[in-house]
Amino acid sequence: MAATQDTIDRIAEASGTYKYGFVTDIESDKAPKGLSEDIVRFISAKKNEPEWMLDWRLKAYRHWLTMKEPDWAKVGYPAIDYQDAYYYAAPKSRDDAPKSLDEVDPELLRTYEKLGIPLKEQEMLAGVAVDAVFDSVSVATTYKKKLEEMGVIFCSISEATQRFPELVQKYIGSVVPYSDNFFATLNSAVFTDGSFVYVPKGLRCPMELSTYFRINEQNTGQFERTLIIADEGAYVSYLEGCTAPQRDDNQLHAAVVELIAMDDAEIKYSTVQNWYPGDETGKGGIYNFVTKRAACRGRNSKVMWTQVETGSAVTWKYPSCILQGDNSVGEFYSVAITNNAQQADTGTKMIHIGKKTRSRIISKGISAGRADQTYRGLVRMMPKAEGARNYTQCDSLLIGDTCGAHTVPYIESRNPSAQVEHEATTSRISDDQLFYCLQRGIPEEDAVALIVNGFCKEVLQTLPMEFAVEAQKLVGISLEGSVG
Amino acid sequence: MTDPVETIPLVPETLAAGANDEPAWLSDLRRAGLSIYTERGLPTVKVEAWKYTSLAGLKKIPYVLDDGGVPAPADADIAGDVLPLPPEDTYRVTLVNGRPTDLPTDLPAGVRMARLADLLEAEPALVKPYLGRIADLSDAPMGALNGALMRDGVVILVDAGIVLDKPIHLVSIAQAPNGQARHGHPRHLIVLGDGAAATIVESRVTGPESAETLCNAVTEIAVGADAHLRHLRLVNRAETAVDLDLTETTLADRATYDAFTLTLGGRLVRNEGRVRLRGANAWAGLRGAYGARDAQHFDTTLLVDHVVPDARSDQVFKGVVDAGGKAVFQGKVIVRKDAQRTDGNQLHKALLLSRDADAYTKPELEIYADDVKCSHGATVGELDENQLFYLMARGIPEADARALLVEAFLDDVVEAIPEGPLRDAFLASVRAWQTRRHASTWEIGA
Amino acid sequence: MALLDIKDLHATVDDGDAGPKPILKGISLTINPGEVHAVMGPNGAGKSTLSNVISGRPGYTVTGGSVTYDGVDLLEMEADARARAGLFLAFQYPVEIPGVATGTFLKTAINARRKANGEPEIEALDFLKLMKANAKKLGVADDMLKRPVNVGFSGGEKKRAEVLQMAMLEPRLCLLDETDSGLDIDALKVVADGVNALRAPDRGMLVITHYQRLLDYIVPDVVHVLADGRIVKSGDKSLALELESKGYAEFTGAAA
């Protein structure tokens, strides 16, 4: 209530000269609490966006008001008060940041150490206000320059909106429309930043594009929007997130990622998500409600999603592929680990529209503690998907008898020549396997990590090398305390 | 304010008056059923359990509630659709719109078969421990509606230790004479005492010149410790028939329930099977086959609930969908928190024979215990081109080759029924279905 | 000091609802460094239980007696600690661990031991050399080392892999549980050669077998006959031959 009053007061105080009738002080680095058209206008103005973008955001906002929060996922969390949150805040002032690692939560540091993260990066991840961070920014800048010389656009979506408005306008919302779903629509209205990638025709982007660079530059906030376009024959591999748990005060994260692959193009999108999962009792933790979708528009295009999801209190996420182009390929490789009181409802959708489209789904879910995890997937063969193929393998591993693992696949076939194959298993680490490892001198926690890594191997090996090694360590760390 | 009952499809206005001479527990049961149904209404595709099966069409048909009194048609009129089992080899019972018209008089001692209507009137205490207590209909609006409207059905009680010498054959006829569409809500009850064994076979068919029928049946089954029930069903209704069947079975220690359902006829058929494994070392097999075509919509929805440790379950369904047909398979295995050492398997295979055939599959696992072995598999596709070519290379014409492969595909699961006259009867039904559809075009590749 | 000293060992197996079932009923056995002991006996005599209890497998309860290894109470140690202290069990049924390469597994095991001893991790190159050298001796193909532990291995490959692990981990006490089961004569020779190569003055071995055949190739210093949870006779290698010709019946009778 007070928050709304705050906005009204600000509006009342203002002179009303702004052309949209927008009055909130745009010099302020924090919008007042709550969500309203004014806030949407404020964010857009802050980013100096063109009118079409503001209009799009407003359409989304108005539509969002008519929507209901989805309740079909097998997750439970207290109701979110959308008016009791800030939707725009400039990056934290350096005065608030810890001055050194001594001031950082020792639990966090212990994890960094186990992951083998260098000291400087630790400081960066923990948000320590030191100049060392700028070293990597300059590295990033160098790379960016090189990429731009080749024709690859890799920048923040805010920057892209300024510099390449026609590209952004053409593609944003073309895969995930502003009206898509409750969280994506919210994101469309209030997204603060994210990445933009465009790889021109025929170019193989020679390096992995990583958000490591991006984190250094800007706090992208809770409503991230990413747009990646691979033009004809282009290739790009994009890495999102990092293995280290990150400091974040925002509880709700509602990101949107759109990928577009034209003829013969290929996009590899890898995610390691390790947001704060809450404590052992389930207090705190991030709500990660993400919409990720790829359009394989062109013939022979290919999109590969790989995700390692170990963090967040609640995860709601279904990276999907719309296989429009004939012969296009969609792949989804997922490892999801839930421990303690974590909940995850995650999977994928493969929508086969074009002829001879192929998809492959490999999902490995590990549930421990009192966690609940659901694989939810849709494979849809449309009537014109002649000769389309899908293969799904969906394995769950339970550690302990207080957790849950669920599998909910939807298979819809409307074309006789399309073939769908789905297999799922549920099992646990056998006593025999554990004893075998122990008898070779491997301590129990290491043995569990080893066995679980083996269970996930098919997925982990699709990650870029440097990511894979850290992800393996992460698997072990995520399961700490789950045995014994 | 108008009475909400009036606005709810399928609930007659007169129901509010109720049957006052009923025992209170029965009235309570009806009220509970009605309140669930009125609260939820006719399920729509927005309800997860009915996502792929729409009942919207029911509202357009002016059904009246079956009030009994429909005579059974002559055997000759339905013989082609009923399972070909010699009457002398079975205890045969004819039901019209779910109401038994005759009951066998030669049942062995320890076996009782009765009309539910009779028992409710004369000996309600006999059915009270079971009726509405085996099936949990709180999440099943149509089952709940049955609870509100049930009048009659067949009750089969087999005493402890009794092994039935011949199968019971229920010939269940949907019949709406004089062009008047009818809906009925049969309620059946099967109870096997400890150590008993029985085989119950059912042929669900439609009588001659019948108008639209809606049969919304609920069957409750209790299988005692060490008891064994084989439950075989053929659904072979006409295109005027909508069949919504919900069967819920509860199993005690070491009990087995071996169900097989073959669905070949009916416009909209939903076979919902639910099994609660409440006894250690119990086993449930839910198997079946179907062949859907020409605007037929066949829905198989299964739930196997492992409540206690050390039980096993198998679900195996195979189906063929031809031009115009639509098939739905939803199978769910729940393993409760303490149900350790559960072994649950599930398999669904669908063959699409035409461009105009749809299959929707949703095999679900919901698992809360760690020491379990659970798996499911599902495939959807067309006939194996290599097999087809192999047969054609041996000089078999394409249409015959396809028919042969389709039959082999279905027979594979029919063979889950042990060898003998029962299996032969089901195989014969598959063959008859094949013969009928043989004329239809094979659209593949066209 | 004796390497392994078992005194009046009693143990039960947890038999689900049936409760604990006594298997070992007072076993005493001493293995000195450099000695190879064989334990023979009919099915159900308690042979595998003996190796499981020594190595600390869950599911067994020691109800009496003691097991001392190199002067320390073995029964007080967890299974992984026993292994790091130098105890190696070659499994009768080696366990499959999908997705974990044999090489990775071995390296993890070696490093676990090094870490416990306060030593640095083994250099990747040194490890590779060591593994290849050992693999070559045992006729283990390189590709097998890349395959997941025991997954898809034939019976012979599994047993060879066990001996390879034994060689790599350099244990002080080797327990071989029916290592001959499921092996044809050629495979048996390869495995036995591998084991014999590991015989050393500071190392002891306990070879558990049902058949005398294995002892033609791994010649023991002492043979014990186990029947109904007790050692009913001990002797030199000729005892194995005597068993072969007379059968177990005579000894089982003695135990009753």
Side-chain angles (χ1 to χ4, degrees), chain A residues 114 116 308 333-335 337 362-366 393-397 399-400 423 425-463 465 468-469 471-473 475-476 479 483-484, chain C residues 14 51-52 54-60 77-102 104-117 146-151 158 161-162 164-166 168-171 173-175 177:
Chain A
K114 285 197 172 173
V308 177
Y333 297 92
S334 170
V335 167
I337 300 179
I362 307 288
S363 163
K364 306 279 181 179
I366 298 106
Q393 172 80 43
C394 194
D395 298 318
S396 306
L397 193 70
I399 300 175
E423 284 175 53
T425 64
T426 299
S427 55
R428 65 167 184 170
I429 296 175
S430 78
D431 295 341
D432 285 347
Q433 282 176 337
L434 204 54
F435 178 64
Y436 192 75
C437 294
L438 292 176
Q439 210 302 306
R440 296 302 181 249
I442 302 169
E444 191 163 15
E445 258 184 11
D446 295 356
V448 169
L450 189 74
I451 294 167
V452 173
N453 264 304
F455 174 76
C456 302
K457 190 180 180 190
E458 245 182 303
V459 173
L460 296 179
Q461 69 189 10
T462 67
L463 284 171
M465 195 52 140
V469 176
Q472 273 178 28
K473 289 186 196 161
V475 166
L479 288 169
V483 192
Chain C
D14 308 338
S51 63
N52 286 334
I54 297 172
S55 56
R57 189 180 200 126
Y60 299 88
M77 296 163 77
E78 295 292 335
D80 52 329
R82 295 184 200 191
R84 290 193 296 271
L87 195 138
F88 184 95
L89 170 65
F91 284 61
Q92 182 178 3
Y93 304 108
V95 180
E96 298 184 359
I97 307 178
V100 178
T102 306
T104 309
F105 178 74
L106 263 171
K107 202 165 139 191
T108 309
I110 287 174
N111 283 331
R113 176 167 321 198
R114 287 178 163 241
K115 198 177 158 192
N117 294 341
K146 291 180 192 144
R147 275 151 62 190
V149 178
N150 293 319
V151 177
K158 280 184 183 168
E162 289 293 288
L164 170 66
Q165 291 184 29
M166 193 160 96
M168 295 285 290
L169 292 171
E170 300 175 336
L173 177 66
C174 306
L175 308 173
D177 189 3

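Below, chain A is the first sequence line, B the second, and so on; all start at residue 1.
Only the side chain of Asn150(C) comes within contact range of chain A, with heavy atoms under 4.5 Å apart. Looking at Phe455(A), only its backbone comes within 4.5 Å of chain C, counting heavy atoms on both sides. Heavy atoms closer than 4.5 Å to chain A are found in both the backbone and the side chain of Leu87(C). Neither the backbone nor the side chain of Arg82(C) comes within less than 4.5 Å of any heavy atom of chain A.
Proximity of Gln433(A) to Pro98(C): side-chain heavy atoms (C-beta onward) are separated by under 4.5 Å at one or more points. Contact check for Cys437(A) versus Ile97(C): side-chain heavy atoms found under the 4.5 Å cut-off. Contact check for Asp432(A) versus Tyr93(C): no side-chain heavy atoms found under the 4.5 Å cut-off. No side-chain heavy atom of Phe435(A) sits less than 4.5 Å from a side-chain heavy atom of Val95(C).
Chosen from Pro171(C), Ala83(C), Ala116(C), the residue pairing most often with chain A at heavy-atom distances under 4.5 Å is Ala83(C). Contacts with chain C were tallied for Asp446(A), Ile429(A), Leu450(A); Leu450(A) has the most, counting heavy-atom pairs under 4.5 Å. Across Leu89(C), Leu169(C), Thr104(C), the residue that shares the most heavy-atom pairs under 4.5 angstrom with chain A is Leu89(C).
Partners of Tyr60(C) by ring pair (Phe, Tyr, Trp, His ring centres under 6.0 Å), not counting sequence neighbours: none found.
Other residues, nucleotides and ligands contribute at most 12 non-hydrogen atoms within 6.0 Å of the CD atom of Glu78(C).
The two residues Glu162(C) and Arg440(A) have their closest heavy-atom pair at OE1-NH2, 2.7 Å. The minimum heavy-atom distance linking Gly441(A) with Ala112(C) is given by the pair O-CB, 3.3 Å.
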